[in-house]
Structure formats: structure tokens, C-alpha cells
*Asks:* 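What follows is a single structure, and I will ask about it in a moment.
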There are 2 protein chains.
Amino acid sequence: MPGQVQSIARAAAILRLLAGGSGRLGLLEIARALDLPKGTAHGIVRTLHDVGFVEQDKTSGKYQLGAALLHLGTSYLDVNELRSRSINWADPLAARSGEAVRIGTLLDSKVLVVHHVFRPDDTLQTLDVGALLPPHATALGKVLLAYNARGGLGDLVPYTRRTLASPRVLTRALAAIREAGWGSDIEEMTVGVAGIAAPIRGYGGLVVGAIGISGPVERVCDAHGQPRITLVTHVREAARAVSRDLGGRGQ
Amino acid sequence: MPGQVQSIARAAAILRLLAGGSGRLGLLEIARALDLPKGTAHGIVRTLHDVGFVEQDKTSGKYQLGAALLHLGTSYLDVNELRSRSINWADPLAARSGEAVRIGTLLDSKVLVVHHVFRPDDTLQTLDVGALLPPHATALGKVLLAYNARGGLGDLVPYTRRTLASPRVLTRALAAIREAGWGSDIEEMTVGVAGIAAPIRGYGGLVVGAIGISGPVERVCDAHGQPRITLVTHVREAARAVSRDLGGRGQ
DNA sequence: AACCCTGGTCGGCATTGTCGAACACTGTTG
DNA sequence: CAACAGTGTTCGACAATGCCGACCAGGGTT
């Protein structure tokens, strides 16, 4: 595979930097972070500005992401097959389980949320479509990692006392998920919150995403602290349904 | 202003093409659309693929937008000041008016929706954050055009019988909006739907966005087919409130 | 099996973008 | 108040870089 176009790869790195960093960044911060000369960085940023991918705060001169990216991002949702096939099954799952449903896929060792239906009750919730979740601390993420060909595990930062922060423990958990066909996380990212997820298979049986629910531990888990079997069944059935729609073998 | 980085500008054009076009495109379609040699187009697309901005359907070989863009798009929302300042005022406006609220800004002669709160009732609605609306056929758009320094009017395609499709009629309508300080659209984009919008001013009094409501004509308009004065007042007050938050003079 | 179409590759030429230094500006500091 | 340390921006020379067109490889269809 021949090399990449240098300037485009650099431009992408700048955009990722702006997305990851805390909001605005100065030109020099960008140049230093990517180890580029000022002039070079400026040229790239200028064109990114011209095409609307980057905006500049006139007073401080700092740069941030631009409006054009928003439309590109939502356009991606329109063509994403995993999402479009999932939508019909996510709503029933939310209704039956009474919990929030999320569908995610792996984006360089993180979980990208491509669809999200709120918990049926009327509590205030924020839409996290487009958010990146830690793979090792969420049911969605662990399921995706379990079936991931490339073995990257991500950062393994501990969020709570129950987070699986050691590679050995995590790989064993992933093996268990492969064995069972589904996974869960119990207060591993947020205290008081648990989740259940199952893999979605696309054409050829390859795992292309995961669907899962999450909610308060006391509702998601039974008296023994284990995920309720009825909820697990609902999630796995939804995953199979989506897989079937995608043309995969559905488990 | 020195020139742009050629390859980056071309890459952006390809992304826009993929976003605008109907889903997947083949390499040759891309090359032809932008009048590039095959090889050149392939090099750019390959790097876009490597950085995750573009995905390829393995069976058909065609290209589509990639997952990385989704996260960039939502990251833009996080740093967008117009959106963050508006959120607190959009909910009350929706509650008081009983209609859906949208906040938009101008993105090369189209209206980019940066925030959207659903109509308070429980009817099925689709989130159109990130969508591009026609400027000449929506209240949001006409308000934005009215205060736009660069005079581009967009495409002026007629959607309904009442769409303002002629430049002369439209420019006169824009002048009226500047005079009144608010604007409306009555069945100009969709039959049975009307909207009211007012400009949001940022630092220095410059119009940086617009906020508006939209809903069924019979609720938004009175017996004479004119926008209800109470609703207009609510919208204008919300616009002023957001402007004040942004540090502008608020009208 | 010849033909069209597709996407992908390769290498020579020169266009293109990179690079470092100099510029203009702001706010801070000695 | 001047020198300074920051910033973003511009410029021009050099050559590395990415562009281009011809060539290769696979899949359908005729």
C-alpha cells in the first residue's frame, strides 16, 4: 500500500487534535503538538478555514472546529447502514426494557455511539450520538473488543473501583464474553449504572457493532448483582434482529 | 491572502461531494465530478480512508463518508458558542410557544441547524441538528439572509406555491424583515407549516444566527393568516436573551 | 474469450507544498 | 516607556512532494 498524501494526513491530525483538545487551540499549540513548523501549520489551517472545517475566534486568534463538519457528521449518519437498520429495533428494545438503548461501533479502539434512544421515562438525558466511550469500561465496548480482530485494548484508565483496568483481567473478561455471546458492565464507568450489550454481525458474520441498554444497577441487575436474564434476552434478541437485517447470520 | 493547499481543498471537495450526493460514490464518479485524473483522486481518497474520514464498501468498492466525521461533527457542537448559549433559552421558548424550536446559522448560503428542541407534545419528530435548510423558504433562513453581509441568496427552488422563488420578491421580503426585526414563513417550504424567527446578534451587534419556532399554520397564525403577535414576542424575546448572553447588544 | 467496466498501482516530471526567517501586532514586564 | 515574549501572518527559495497518465488486475456482461 503506497504512502498517504502528507498534507491531508496532517490536516486530519489537526482536526482530531481540535476535537480532542479542550475547545480552542492557538496556531503554535497546534504546530508544537504535531511537531510542525509554524508556517506549515498555518498553511494547512488556512485552507481548513477556507473550506469551513475550522473557524477562528477573531479576538483571540485561536482556532476551533468549523460548522461544515457538523453537516458532514450527520450526513455520515444518513448513509450508515448499521444505524439505519438498528433504528427499527432500538425503539422496541427501549420500550420493553425500560432503559436507554445505544448502538455503537469501534473507531480506533474507542466506542463511537451511532444511535441512542432515551429511557422511556421523562428524565433529563443528553443525546450522546457521536460521543466516544471508553471501550474497557462499557458493555458495548467490551463486546466490541471481544470480537475485534485487531487486538488493541485502549487506555484502561480506571473510572471506578470496579473498572477492569488490568490487561489480564480484561482479556479474560473478553474471553468470557465470546463464550457467552453477550457482555455487561456493572458500575465500571459510573457508580450506580450498569449495562448489557450484545454483538451485531454484518455480512459474513463479522461483528460490525453492538447494541446495549444501560440504567441504574438496581433495575438492570437482580438481587445477586447479576444482570437480569430477561433483559439479557431482550438485548440479544434485538442484536440478532439487527444482524438479520444487515444480511449477517445473526449469531 | 496566499493560496490554499491544493490537496486539502480537493479532499474537502470530495467530502462535500460524498455528503451531498446520494450515499455511496465510485472512484470514477468522484474523479469525474471534480475533473481529476483517476490516480490523483485515488491517492486523496486513500488517505481519507486511512484517517477514517471515508469508508469503502468492500463488495462494491464504492466510497462513503467515514465514522471519524461523526465525532468531529459533534465535537463542533460542544465548542459552538451560539449553541451553548442558546440551549438555556430554547427550552423555555418551546414550552411557552408549544412549538418546536430551532437555532440555525448560515453556512455558505444555507441554514445549518445547530440546535433543535422538539415540540412539547409527544408526536414523532426527527432531530435535524446538522441538517441544511433552504434559506429562502424558511423563517430562520430569511432572517439570516436579511442580515447577511455577503449577498448570496442561494438556489431559490420552489417548494410550494407560496415559496418566494424570485430574487426581486425575496429581496423585498428581506428588507421588510430588516425593518421589522423578525421574519416568518407561511407554507413556503411545507404545506401546512409556518414559522417565526428572529436574529441573534453576537459581539459587536453582528448577526451570528437565528432562533425560531415552527408548527402547523393554524396554531402559528391567527384568523387573518398572520403570525400571532404573542408568539412573535416570545421568539424575539428569546433572541434578545441569547444575544445578551453572547455579549452582543441584543437588538 | 474478448470486451467493457471497475478500482488499484507505478514511476518520471515539475508543480506543489514545505520550511525558516522576517513581519506586524498585542500585552506584559522590567 | 522601551524592551520583550508572546501571538498570528507573510514571503520566497528549494526540493521534496504529490500529481498525472499509462499500465495492471479483477468481475460482469455480451
Side-chain angles (χ1 to χ4, degrees), chain A residues 1-18 21-66 79 81 203-204 247, chain B residues 1-18 21-66 79 81 202-204 206 247:
Chain A
M1 190 193 314
Q4 319 189 105
V5 175
Q6 187 188 52
S7 54
I8 295 178
R10 287 173 169 177
I14 290 178
L15 291 178
R16 270 197 303 263
L17 185 69
L18 287 172
S22 48
R24 287 171 250 265
L25 284 179
L27 180 59
L28 286 191
E29 301 177 80
I30 295 171
R32 269 196 285 267
L34 301 182
D35 200 35
L36 291 176
K38 253 193 314 186
T40 307
H42 179 68
I44 297 173
V45 170
R46 184 187 344 112
T47 42
L48 286 176
H49 177 85
D50 289 350
V51 298
F53 287 8
V54 150
E55 290 173 359
Q56 186 175 25
D57 185 24
K58 275 301 165 204
T59 65
S60 71
K62 288 177 182 277
Y63 294 97
Q64 59 177 304
L65 294 181
V79 297
E81 198 162 357
Y203 181 78
Chain B
M1 191 195 314
Q4 320 189 109
V5 176
Q6 186 190 53
S7 54
I8 295 179
R10 286 172 169 178
I14 289 179
L15 291 178
R16 270 197 303 264
L17 184 68
L18 287 173
S22 47
R24 287 172 253 265
L25 284 179
L27 180 60
L28 287 190
E29 301 177 81
I30 295 172
R32 270 196 285 266
L34 300 181
D35 201 32
L36 291 176
K38 251 195 314 188
T40 306
H42 179 66
I44 297 172
V45 170
R46 177 174 4 100
T47 37
L48 286 176
H49 177 84
D50 289 348
V51 298
F53 287 9
V54 150
E55 290 173 0
Q56 186 175 25
D57 185 25
K58 275 302 166 204
T59 66
S60 70
K62 287 177 182 280
Y63 295 96
Q64 60 177 314
L65 294 181
V79 297
E81 199 162 355
Y203 181 77
L206 215 75

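Proteins get letters first, then strands, A, B, ... in listed order; numbering begins at 1 in each.
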*Asks:* Check the distance between D:dC19's P and A:Gln4's CD and give it to me in whole angstrom.
*Replies:*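 Taking atom P of D:dC19 as the reference, CD of A:Gln4 is at 13 Å.
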
*Asks:* Is B:Tyr63 close enough to C:dG8 that one of its side-chain N or O atoms is under 4.0 Å from OP1 or OP2 there?
*Replies:*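 Checking C:dG8 against B:Tyr63, a side-chain N or O does come within under 4.0 Å of OP1 or OP2.
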
*Asks:* If you check every side-chain atom of A:His42, which of D:dT9, D:dT7, C:dG17 has the closest atom?
*Replies:*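 Closest of the options to the side chain of A:His42: D:dT9.
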
*Asks:* Between P on C:dG8 and CG on B:Leu48, what's the gap in Å once rounded to a whole number?
*Replies:*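 The answer, rounded to whole Å, is 13 Å.
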
*Asks:* In whole angstrom, what separates B:Lys38's NZ from D:dA22's C1'?
*Replies:*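 Distance check: B:Lys38 NZ to D:dA22 C1' gives 9 Å.
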
*Asks:* Counting just side-chain N and O atoms, does A:Gln6 come under 4.0 Å of either OP1 or OP2 of D:dG18?
*Replies:*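 Result: yes.
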
*Asks:* Would you mind telling me which of C:dT6, C:dG20, D:dG8 lies closest to the side-chain atoms of A:Pro37?
*Replies:*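 That would be C:dG20.
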
*Asks:* Does the side chain of B:Arg24 get closer than 4.0 angstrom to OP1 or OP2 of C:dT6 through an N or O atom?
*Replies:*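 No, outside the criterion.
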
*Asks:* Picking from D:dT17, C:dG8, D:dC19, which would you name as closest to the side chain of A:Val5?
*Replies:*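 Of D:dT17, C:dG8, D:dC19, D:dC19 is nearest to the side chain of A:Val5.
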
*Asks:* Toward the 5' end of DNA chain D, which comes first, A:Gly61 or A:Ser7, by nearest nucleotide?
*Replies:*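 Its nearest nucleotide lies further toward 5', so the answer is A:Gly61.
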
*Asks:* Please report the distance, rounded to the nearest Å, between CD1 in A:Ile8 and P in D:dT17.
*Replies:*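 It is 15 Å, rounded to the nearest whole Å.
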
*Asks:* Side chain of B:Arg46, heavy atoms from C-beta onward: which of D:dG8, C:dG7, C:dT9 has the nearest atom to it?
*Replies:*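 Nearest listed nucleotide: C:dT9.
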
*Asks:* Side chain of B:Ile44 only, heavy atoms from C-beta on: which candidate in C:dG7, C:dT18, D:dC19 is closest?
*Replies:*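 The nucleotide sitting nearest to the side chain is D:dC19.
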
*Asks:* Please examine the side chains of A:Glu55 and B:Val79, heavy atoms only from C-beta on, and report whether any two atoms are closer than 4.5 Å.
*Replies:*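 They are not in side-chain contact.
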
*Asks:* Does C:dT16 have its OP1 or OP2 closer than 4.0 Å to a side-chain nitrogen or oxygen of B:Arg10?
*Replies:*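 B:Arg10 to C:dT16 OP1/OP2: no side-chain N or O under 4.0 Å.
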
*Asks:* Rounding to a whole Å, what distance do you find between A:Leu36:CG and C:dA21:C1'?
*Replies:*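 My rounded result for the distance is 17 Å.
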
*Asks:* Quick check for you: among D:dT10, C:dG8, C:dG7, whose closest atom lies nearest to any side-chain atom of B:Leu28?
*Replies:*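 Within the option list, the nearest is C:dG7.
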
*Asks:* With nearest nucleotide decided by heavy atoms, which residue, A:Arg32 or B:Gly39, maps closer to the 5′ end of DNA chain D?
*Replies:*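 Final value for this comparison: A:Arg32.
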
*Asks:* Atom CD of B:Glu29 and atom C1' of C:dG7: how far apart are they, to the nearest Å?
*Replies:*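 Rounded to the whole Å, the gap is 12 Å.
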
*Asks:* Separation of B:Leu27 atom CG from D:dA25 atom P, in whole Å?
*Replies:*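 Taking atom P of D:dA25 as the reference, CG of B:Leu27 is at 19 Å.
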
*Asks:* Are B:Lys38 and B:Leu28 side-chain neighbours, meaning at least one heavy-atom pair lies under 4.5 Å?
*Replies:*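 Side-chain contact under 4.5 Å: yes.
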
*Asks:* What are the two closest heavy atoms between A:Phe53 and A:Leu15, and how far apart are they?
*Replies:*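 Closest approach of A:Phe53 to A:Leu15: O-CD2, 3.9 Å.
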
*Asks:* Whole angstrom is fine here: how far is it from NZ in B:Lys62 over to C1' in C:dT6?
*Replies:*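 Taking NZ of B:Lys62 and C1' of C:dT6, I get 9 Å after rounding.
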
*Asks:* With a 4.5 Å cut-off on side-chain heavy atoms, are B:Ile14 and B:Leu34 touching?
*Replies:*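 They are in side-chain contact.
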
*Asks:* Does the side chain of B:Val51 reach to within under 4.5 Å of the side chain of A:Arg16, using non-hydrogen atoms?
*Replies:*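 Sidechains of A:Arg16 and B:Val51: in contact.
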
